[in-house]
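Here is the naming used below: chain letters follow the sequence lines, and residue numbers restart at 1 for every chain.
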2 protein chains.
Amino acid sequence: MPDLKSVPNPLFLRDDELRQGIELLFFGYRDFTARADQTLAAYNFGRAHHRVIYFVGRNPGMTVSDLLDILKITKQSLSRVLSQLVREGFIVQRPGTTDRRQRLLSLTDKGAELERRLTEDQRALVARAYKAAGAEAVEGFKKVLLGLINEEDRGRFRMQNPGGPGSSPGTTSGSGGGAGGAGSGGSR
Amino acid sequence: MPDLKSVPNPLFLRDDELRQGIELLFFGYRDFTARADQTLAAYNFGRAHHRVIYFVGRNPGMTVSDLLDILKITKQSLSRVLSQLVREGFIVQRPGTTDRRQRLLSLTDKGAELERRLTEDQRALVARAYKAAGAEAVEGFKKVLLGLINEEDRGRFRMQNPGGPGSSPGTTSGSGGGAGGAGSGGSR
DNA sequence: TTTTTATGTCAGCCATGTTGACTTATCTAA
DNA sequence: TTAGATAAGTCAACATGGCTGACATAAAAA
């Protein structure tokens, strides 16, 4: 591998390569969301509902502030979908124990089932792409995407050794959950 | 490396890993678009304008049908932004030479300059992520994203050897370009 | 007790996607 | 040469999901 510092513009940083990356992200994300969107339509829900259900499922007991931090939308925008999901029995809110102003969010059984169905679409798609690309490519995929992410949110992901290729499978376990992040302490 | 066929559920295909991939895509795309959106706001344009400008810049002389195929939106949706861009002098339309029903699209100088400014934001972001991750990770990134993309659109990308893991770094270079895709011949 | 914070709500605006119906110009095939 | 298909555009109406601004309530913190 060439020493990056000594090369002003390595081949993989040429304009064409970067544009290709931009387009891969566009097409990739477009198709990544397309499948789940169909499932959502059957419930008369949109992508915004999916995101709420997904992250609440991932972080049971999270606060509204936590969710806002993740989604980076206004509370008015969130309110529209969240209150709908609560009204229709997909999500429950209970007051926080230490801070009773908080509304801790979690999925109902009904919500958990929807979450499963929704996430299944994307998981299958990602699994297929992972399988086709191989373990090592997956490491690279994660590494690059992590680099695209806002410094502040990067901490949501606990990545193991970037050591790469042959990293001993036995230790890959750990972390797992990773994205938990949003502690209920939620300051802003 | 374990033989995938013999392992029912390799480590990199565990549920946690797949969810992490889903989240990386969400956060990655969110931040990938955030920067350019700010630039767009200064022109009173939105993401839809950006996409049109980007792809027309990338494929000068493309037809409206070509563009619709890429964006996968309705012509009514496209019309709203496209006619605005034409009206304001960012894009020109000229009749097709062989088929005069077609309106071949290209950027004006003004449009090209905007395209440069817009794409610069994303290119810088991608470049930073690429640089931090390294050439080999970039290969993996591309490989996985390509696997997420609709079979039909995959052909827009001419990837070099999927050679995989230990592929000699010296040869990582290759092709580059690629993504042109939408030839103006545009059949549907 | 006063102030700040966490949450929610009403009202209205904007961007961007959708469907359906219809027009115009042009190409293509019978 | 005419009938039908195709490329493009338009009007109208609607849904989703962002946004701002203003204001309300309860509970924590100073």
Residue pair B:R19, A:E115: steps toward the salt bridge (charged side-chain N to carboxylate O under 4.0 Å, His left out) verdict: CA-CA 12 Å; B:R19 281 185 174 263; A:E115 192 277 333; 2.8 Å; yes
CZ/B:R117: more than 12 non-hydrogen atoms of other groups inside 6.0 Å: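 No.
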Sugar-phosphate, base or nothing in reach of B:R80, heavy atoms under 4.0 Å: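 Base contact - B:R80 has a heavy atom under 4.0 Å of at least one base atom.
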Sugar-phosphate, base or nothing in reach of A:Q93, heavy atoms under 4.0 Å: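 Since only primed, P, OP1 and OP2 atoms lie under 4.0 Å of A:Q93, the category is sugar-phosphate.
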Plane angle bin for B:F45 and B:F90 - parallel if under 30°, tilted between 30 and 60°, otherwise perpendicular: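 Rings of B:F90 and B:F45: perpendicular, as their planes differ by over 60°.
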Plane angle bin for A:F141 and B:F141 - parallel if under 30°, tilted between 30 and 60°, otherwise perpendicular: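 Rings of B:F141 and A:F141: parallel, under 30°.
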Spacing between [X] atom [atom1] and [N] atom [atom2], to the nearest angstrom:
X     : N      : atom1 : atom2 : value
B:L82 : C:dG17 : CG    : C1'   : 16 Å
A:D37 : D:dG17 : CG    : C1'   : 13 Å
B:K75 : C:dT18 : NZ    : P     : 13 Å
A:N44 : C:dT18 : CG    : P     : 17 Å
B:D66 : D:dT6  : CG    : P     : 16 Å
B:L67 : C:dT16 : CG    : P     : 14 Å
A:L85 : D:dT16 : CG    : C1'   : 14 Å
B:R47 : D:dT16 : CZ    : C1'   : 14 Å

Nearest-nucleotide 5' precedence on DNA chain D, A:F45 against A:R100: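 Whichever sits nearer the 5' end wins; that is A:F45.
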Contact nearer the 5' end of DNA chain D, comparing B:S79 with A:H49: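 It is B:S79 whose nearest nucleotide is closer to the 5' end.
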B:K142/B:E139 salt bridge by N-O under 4.0 Å criterion: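 Looking at B:K142 together with B:E139, the answer is yes, because their closest N to O distance falls below 4.0 Å.
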Under-3.5 Å donor-acceptor pair between B:Q76 side chain and C:dG20 base: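 By the distance-only test, yes, there is a pair.
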base_contact_polar (D:dT6 base, B:R101 side chain, donor-acceptor, <3.5 Å):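 Indeed, a donor on one side and an acceptor on the other fall under 3.5 Å apart.
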Would one find a side-chain N or O of [X] under 4.0 angstrom from OP1 or OP2 of [N]?
X      : N      : answer
B:T74  : C:dT18 : yes
B:S65  : D:dA8  : yes
B:R103 : D:dG9  : yes
B:R51  : C:dG17 : yes

Shortest side-chain distance from B:V81, nucleotide among D:dG17, C:dT16, C:dT9: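 The closest nucleotide is C:dT16.
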Minimum-distance nucleotide (side-chain atoms of A:D99 versus C:dC27, D:dG18, D:dA28):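 For A:D99, the side-chain atoms sit closest to D:dA28.
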